[in-house]
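Keep in mind that this is a model prediction, so the values were computed, not measured. By convention in this document, chain letters (A, B, ...) are assigned in the order of the sequence lines, proteins followed by strands, and residues within each chain are numbered from 1.
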Amino acid sequence: MTGSSQRSTECKISFNVNGHATSLQIHAMERLLDVLRHELGLTGTKEGCGEGECGSCSVLMDGLLVNSCLIPALQANGASIVTIEGLTADSSAKGLQQAFLKCGAAQCGICTPGMILAAFHLLSKKPQPSVDEIREGLAGNLCRCTGYMQIVEAVAEVARSGAAR
Amino acid sequence: MRAQPAEYELVAPGSLPAVLALLAAAPGRWLPIAGGTDVMVQYSAGKLPARKLVSIWNLPELRRIENLADEIQIGAGCTYTDLRECEVINREFGLLSAAAGWTGGIANQNRGTIGGNIVNGSPAADSLPALLVYEAELLLVSVKGERRVHYSSFHTDYRKTQLAPDELIRAICVKKRFSEYYAHARKVGARNAQAISKICLAALGRIAKGVVEDIRLAMGSVATVPLRLSATESVLKGKRIDRALLRLARAAAAAEVRPIDDIRSTARYRAGVTGNLVAEFLERLSAGGTKSE
């Protein structure tokens, strides 16, 4: 370390979070997960494993499902992020919420925001997924309570009611 | 011990020439990071030796799939989702789309890149045996220009590669000459998504009147690098598929691999399953696999 070329590791990040234009001065390697929870107070996004295995920290980035624990803040610059809080006004997310309640698909709740986002992402790409496609779409989201049956059933229920409409 | 973000520098020059200039100015000082599905895991655990990182995520020059007359060139920055959604890959390189579908869950497929998977060099990576049987070539780029190397010699040892410190993989090239082959991919793991393979096979074969005209076998998690089973292929080529050949194939494949005991499995199990997977492929090939799936 010479010290002479020492540069600040901070940078300005501008992105859109749940429809709001947001600018922050933060460390470039801050995890998006921590930025959402600690800088923006969006604690609906959970930390489970912190290594991209469990899906608790799922968010949508430019419409794609990602694990926010694996995204350095700088890579979110210019992106559009949707967290579970951003889905409150969305009617199809409302349908998922109701189906999760009806089917008993939420127990302790830690996986639920990620599950809803993964299901929302799946249904946005495939409005009427088969059970196998639901299982594949949710395979990156771990749940230690339900045994998954109720969660798959809840998503299938939304797909069915969407088909009936 | 969790990493402290203040101790790491990350820059995003935004274009391939700018990234290459940075690498050339201080070779070996900058660690490229694409989708972060490997680098960020190490980082979060406080185990990332590099302190200076350069983002190559979503560089337009690395995110294209070019469909040329005799080959396709897959940009190294293409994600597994990009591969799964590419029509020509689904049609002509089914082993690659199958492996892309096994690699992590949807969120990691949206971020993990084929180039990152190659450079990370895990012998357990699901897509690498497919590149071996398709005899892929890599376009490596630096400020000095571009060179084309055979993928088969790219991994020199456990997590070591031919990539120079100032180079990036620009694209992965695969020739369009396997559409008449029967293709078969098989992963053995605790579960399909989010589970690293205990063992995986990518295989291509062509038979005429029950005789093996050509066969290509490659496996993951059976050696320090993804392994092409060339000796086993030689044993099988030109032979009629019958019970005796299946026995021979099992023995040759089990003898050719160099598996280890680790948290996911044992060397003995892996050698045994290697033989079973090769025999299973031959049975399917014999049962009418004259064309790619």
Side-chain angles (χ1 to χ4, degrees), chain A residues 1 5-11 13 26-35 38 47 49-79 114 117-119 121-122 125-126 132-133 135-142, chain B residues 2-14 25-26 29 31 33-48 50-59 79-82 84-85 101-112 116 189-196:
Chain A
M1 275 293 225
S5 63
Q6 189 92 35
R7 276 200 266 171
S8 166
T9 62
E10 286 197 5
C11 61
I13 309 284
I26 44 175
H27 294 294
M29 278 296 282
E30 198 84 60
R31 302 179 306 169
L32 177 60
L33 168 65
D34 298 324
V35 176
H38 303 148
E47 174 160 19
C49 68
E51 52 185 46
E53 295 277 351
C54 78
S56 301
C57 66
S58 300
V59 300
L60 301 178
M61 182 158 144
D62 294 328
L64 292 180
L65 189 73
V66 299
N67 291 316
S68 62
C69 72
L70 299 183
I71 314 269
L74 182 62
Q75 289 188 342
N77 191 34
L117 278 154
H121 179 256
L122 171 70
K125 288 192 144 192
K126 280 196 186 88
D132 281 349
E133 286 169 336
R135 289 184 178 281
E136 187 192 9
L138 302 182
N141 295 73
L142 303 186
Chain B
R2 170 142 297 172
Q4 295 300 319
E7 293 171 8
Y8 296 82
E9 192 177 339
L10 169 65
V11 297
R29 292 291 304 280
L31 178 72
I33 172 172
T37 50
D38 286 307
V39 172
M40 289 300 287
V41 175
Q42 274 191 291
Y43 163 78
S44 292
K47 289 179 181 163
L48 187 66
R51 286 292 183 270
K52 294 159 86 76
L53 296 98
V54 53
S55 177
I56 56 170
W57 170 249
N58 218 8
L59 288 183
T79 63
Y80 286 100
T81 299
D82 293 340
R84 294 186 73 184
E85 290 177 350
W102 293 336
T103 305
I106 301 297
N108 287 336
Q109 289 171 17
N110 283 338
R111 293 284 298 181
R191 63 200 282 264
N192 271 345
Q194 304 282 81
I196 297 170

Worksheet item: chain B heavy atoms under 4.5 Å from A/Cys69: which part of the residue, side chain, backbone, both or neither?
Response: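 The answer is the backbone of A/Cys69.
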
Worksheet item: In terms of heavy-atom proximity below 4.5 Å to chain B, should A/Ile26 be classed as side chain, backbone, both, or neither?
Response: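 Neither part; nothing is under 4.5 Å.
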
Worksheet item: Given side chains that start at C-beta, do those of A/Ser58 and A/Asn67 come closer than 4.5 Å, heavy atoms only?
Response: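 They are in contact (side-chain heavy atoms under 4.5 Å apart), so the answer is yes.
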
Worksheet entry | Main-chain N/O of A/Gly55 paired with A/Asn141 side-chain donor or acceptor, under 3.5 Å |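 Flag set: sc A/Asn141 to bb A/Gly55 pair under 3.5 Å.
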
Worksheet entry | Modelled atom types, side-chain donor and acceptor of B/Thr79 and B/Asn110, under 3.5 Å |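 Checked: B/Thr79/B/Asn110 side chains show no N/O donor-acceptor pair below 3.5 Å.
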
Worksheet entry | Segment of B/Leu53 engaging chain A (4.5 angstrom heavy-atom cut-off) |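 Contact with chain A: side chain only.
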
Discussion item. Between A/Glu51 and B/Lys47 (salt bridge meaning N to carboxylate O under 4.0 Å), is one present in this structure?
Written reply: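 No, this pair does not count.
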
